[in-house]
Amino acid sequence: QAQPFDVQSVDLDSHSLIGLRRSRRPLVAGAMMAGGVGADQEPTDEVRELVRGVWPTVCERAGDKVKITGDEAQVLSFKTQVVAGLNYFVKVKIGDKPEDHVHLRIFKGFDGKSELHSLQTDKQGDEPLQHF
């Protein structure tokens with residue numbers, strides 16, 4: 001399996017790469033590689049606000065499966081993915097039954113605008129968030 005390369009220096013005159021080293025670590029400690037989905041995180045105010053912002057679209061797409069307001073929705077966890085912006089994968093509790101959870105995929109562009117990309121309904125509370 002190929003390993004990512006970190007470029008330590010580039011000689012532009014000869015168009016050759018100098019000082020390549022194989023690395024399993026990102027260049028910045030704690031940084032996520034573009035395209036990879038990060039680990040589960042505790043909800044933040046920013047993510048709660050993102051969910052409230054797309055909640056009308058969630059209700060429209062989910063139909064009668066979602067009967068609560070965005071303020072009543074309980075964000076349990078989220079993951080992020082760096083793309084041409086940021087994808088948020090969010091687990092939300094919407095009722096008292098075990099299957100009363102939805103998984104949301106919210107895209108937030110570099111311009112700060114966010115939109116609901118997709119959602120999954122009838123999710124179990126213990127079901128892990130995954131890329132979808």
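Start at 1 with the first residue, then count along the sequence.
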From Arg48 atom CZ to Asp71 atom CG, the distance as rounded to the nearest 0.5 Å: 12.0 Å
Can you name the one residue among Arg105, His117, Glu46 that meets side-chain contact (heavy atoms from CB on, under 4.5 Å) with Tyr88? Glu46
Establish whether Val66 and Leu76 are linked, either directly or via other cluster members, by ILVMFWY side-chain heavy-atom contacts under 4.5 Å. no
Residue among Leu104, Val58, Val47 satisfying side-chain contact (heavy atoms from CB on, under 4.5 Å) with Val92: Leu104
Is the shortest heavy-atom distance from the side chain of Glu115 to the side chain of Thr57 under 4.5 Å? no
Judged by atom type as modelled, is there a donor-acceptor pair below 3.5 Å linking the side chain of Lys91 to the main-chain atoms of Glu127? yes
Output the distance between atom CG (Leu50) and atom CG (Asp45), rounded to the nearest 0.5 Å. 11.0 Å
Are the side chains of Arg61 and Leu119 in touch, meaning some heavy atoms are under 4.5 Å apart? yes
How long is the span from the CD atom in Gln41 to the NZ atom in Lys79, to the nearest 0.5 Å? 10.0 Å
To the nearest 0.5 Å, how far apart are CD in Gln74 and CG in Asp100? 12.0 Å
Shortest non-hydrogen contact from Trp55 toward Ala73: CH2-CB, 3.8 Å
Using 0.5 Å steps for rounding, measure from the OG1 atom of Thr121 to the CD atom of Glu99. 10.5 Å
For a quick test of reading the model, state the closest non-hydrogen atom pair linking Asp64 to Lys67 and the distance between them. O-CE, 2.9 Å
Restricting to non-hydrogen atoms, name the atom on His103 and the atom on Pro128 that form the minimum distance, rounded to 0.1 Å. CE1-O, 3.6 Å
To the nearest 0.5 Å, how far apart are CG in Leu116 and CZ in Phe107? 13.0 Å
Which residues pass the ring-ring contact (aromatic ring centres under 6.0 Å, His included) test with Phe89, not counting sequence neighbours? His131, Phe132
Side chains of Glu72 and Thr69: any donor to acceptor distance under 3.5 Å? yes
